[in-house]
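In what follows, a single structure is set out as structure tokens and then discussed.
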Amino acid sequence: MPRPPNPPAAVVFKDPIHLLAFGFGSGLARYAPGTFGSLAALVLYFALIGLPDWAYLAVVVVVTVSGFHICGESARMLGVHDHPGIVWDEWAGMLITLAFAPAGLIWVLVGFLLFRLFDILKPFPANHFDRQNDGVGIVMDDVVAGIYAWFALQLLAWAFYTYAAV
């Protein structure tokens, strides 16, 4: 099935719902908008890493829960369920993936790659949510991908610091 066209940038930047859903324009990328949206989410991540854990998690909850409405409403207005340019859900998934990540750019890169892998593969129950026709489904498949990526990142960090970092 061909990729639906992006709405004009003027439409995205004029409407607050589309502006957020399209990750402040990062979802307008012609190719791999999910990857560009995930990269843009790193700007928010780096702004949050100095916060206490409870505050970081509060932001994750706000981004995720608000995404149910933002993504669902943007999809409704576009007439396309889970338009590839809607990347607010990637923002939620990236923030989940990087929660409590070890310090260092290498761990951010590994988390990014793991999240993109799980977001593309959509292992159960992500694939179940991906088939739902609402904002909750749009966001929850990325939440699940983020949780899988979080576990993988934490396991890799544990293995590295336990066995490799002598």
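Nothing fancy with the numbering, it's 1 onward along the sequence. As a basis for the values below, the full set of heavy atoms in this structure was taken, side chains included, without hydrogen atoms, waters or symmetry mates.
In this structure, V43 is not a member of the same hydrophobic cluster as L95, with clusters built from ILVMFWY side-chain heavy atoms closer than 4.5 Å. L19 and V11 fall into different hydrophobic clusters, where Ile, Leu, Val, Met, Phe, Trp and Tyr are joined by side-chain heavy atoms under 4.5 Å apart, directly or via other members.
Atom CZ of F100 sits about 4.5 Å away from atom CG of D53, to the nearest 0.5 Å. We find the OG1-CG distance between T162 and L155 to be 9.5 Å, quoted to the nearest 0.5 Å. Here the CD1-CG distance, from I49 to L44, works out to 11.0 Å after rounding to the nearest 0.5 Å.
Minimum heavy-atom separation, G85 to N6: CA-OD1, 4.4 Å. In terms of heavy-atom proximity, I70 sits nearest to A21 at CG2-N, 3.5 Å. Among all heavy-atom pairs drawn from V80 and P4, the shortest one is CG1-CG, 3.7 Å.
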In residues 59-66, what donor-acceptor pairs under 3.5 Å come from side-chain atoms, sequence neighbours left out?
residue : atom : partner : partner atom : Å
T64     : OG1  : V60     : O            : 2.8
S66     : OG   : V62     : O            : 2.7
S66     : OG   : V63     : O            : 3.2

Could you go through residues 144-153 and list every donor-acceptor pair under 3.5 Å that involves a side-chain atom there, pairing it with any protein atom two or more places apart or in another chain?
residue : atom : partner : partner atom : Å
Y148    : OH   : F124    : O            : 2.4
W150    : NE1  : A99     : O            : 2.8

Enumerate donor-acceptor pairs with a distance under 3.5 Å from any side-chain N or O in residues 102-122 to protein atoms, sequence neighbours excluded.
residue : atom : partner : partner atom : Å
W107    : NE1  : Y161    : OH           : 3.1
R116    : NE   : T35     : OG1          : 3.3
R116    : NH1  : D119    : OD2          : 2.7
D119    : OD1  : K122    : NZ           : 3.1
K122    : NZ   : D119    : O            : 2.8
K122    : NZ   : D141    : OD2          : 2.7

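Considering only heavy atoms from C-beta on, L78 comes within 4.5 Å of P7 through its side chain.
Pairs of residues two or more places apart, or lying in two chains, that qualify as side-chain hydrogen bond (donor to acceptor under 3.5 Å, both in side chains) and include a residue from residues 7-30 are H18-S74. Pairs engaging residues 27-66 under the ring pair (Phe, Tyr, Trp, His ring centres under 6.0 Å) rule: none recorded [sequence neighbours left out]. Listed by first then second residue, pairs satisfying side-chain hydrogen bond (donor to acceptor under 3.5 Å, both in side chains) with a partner in residues 75-100 read E73-R76, not counting sequence neighbours.
Between the side chain of D142 and the main chain of G93, no donor-acceptor pair closer than 3.5 Å is present.
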